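Here's the structure, in structure tokens; my notes come after.
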Amino acid sequence: MARLAILAVLAIVLVMAAPAAEAITCGQVTGYIESCMPYALGKAATPTGQCCTGIKTLNSVAKSTPDRQATCNCLKNAAKQIKGINGGNVAGLPGKCGVSIPYVISASTDCARVR
């Protein structure tokens, strides 16, 4: 019984000492998708393999609702700020790369509704 109590206390200490997961940043999002810019700007007919790798990696790291919402907001703001963005290309990027995301990448997306 004493061993079980010690193990329980040790488990609690380890959980409390574990670093909190950090939220994804716009800098990280940009790093993952920067190779997609030629396609997003309509200067390339298809996204590159490197672009799709970035999209897939971004999708795999943005697992929690806060991370998906942060990613959505970063993409939304980029879609608003970068001149010459082809909205159709940007919205279609996940599908072109074989990734399913729970929102459309658009300057008008309500990221608070992303789950």
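Hydrogens, waters and symmetry mates play no part in the numbers below; they use all other heavy atoms, side chains included. What you see is a predicted model, and the numbers here were worked out from it, not measured in a lab.
- With a 4.5 Å cut-off on side-chain heavy atoms, Ile82 and Met37 count as touching.
- Residues Leu75 and Tyr103 form a side-chain contact, since some pair of their non-hydrogen atoms from C-beta on lies under 4.5 Å apart.
- With respect to Leu41, the side chain to side chain contact (heavy atoms under 4.5 Å, CB included) criterion is satisfied by exactly one of Asn86, Ile85, Val90, Asn89: Ile85.
- Side chain of Gln81 to backbone of Ala78: no donor-acceptor contact under 3.5 angstrom is found.
- For the atom pair CD1 of Ile101 and SG of Cys72, the computed distance is 8.0 Å after rounding to the nearest 0.5 Å.
- The side-chain hydrogen bond (donor to acceptor under 3.5 Å, both in side chains) contacts involving residues 33-51 comprise nothing, where partners must be two or more places apart or lie in separate chains.
- Of the possible polar contacts, none joining the Asn59 side chain to the Ile55 backbone as a donor-acceptor pair under 3.5 Å is found.
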List, one per line, each side-chain donor-acceptor pair under 3.5 Å for residues 107-115, sequence neighbours excluded.
{"residue": "Ser108", "atom": "OG", "partner": "Ser106", "partner atom": "OG", "Å": "3.0"}
{"residue": "Thr109", "atom": "OG1", "partner": "Val104", "partner atom": "O", "Å": "2.5"}
{"residue": "Thr109", "atom": "OG1", "partner": "Ser106", "partner atom": "N", "Å": "3.4"}
{"residue": "Thr109", "atom": "OG1", "partner": "Ser106", "partner atom": "O", "Å": "3.4"}
{"residue": "Asp110", "atom": "OD1", "partner": "Ala112", "partner atom": "N", "Å": "3.2"}
{"residue": "Arg115", "atom": "NH1", "partner": "Ala112", "partner atom": "O", "Å": "3.3"}

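- The side-chain heavy atoms of Ile24 and Val29, taken from C-beta on, include a pair separated by under 4.5 Å.
- Once rounded to the nearest 0.5 Å, the distance linking OG1 of Thr71 with NZ of Lys76 reads 14.0 Å.
- With contacts defined as side-chain heavy-atom distances shorter than 4.5 Å, the pair Thr30/Cys74 does not qualify.
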(Q) For a side-chain contact (heavy atoms from CB on, under 4.5 Å) check, start with the C-alpha distance between Tyr32 and Thr53, then their side-chain angles and the critical distance, and finish with the verdict. (A) CA-CA 8 Å; Tyr32 289 125; Thr53 296; over 6 Å; no
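- Side-chain contact check for Pro94 versus Ile105: some heavy-atom pair is nearer than 4.5 Å.
- Atom CD1 of residue Ile33 and atom SG of residue Cys97 lie 11.0 Å apart, to the nearest 0.5 angstrom.
- Within the model, atoms CD of Gln69 and OG of Ser64 stand 8.5 Å from one another, a figure rounded to the nearest 0.5 Å.
- Note that NZ of Lys96 and SG of Cys36 are 13.0 Å apart. Values are rounded to the nearest 0.5 Å.
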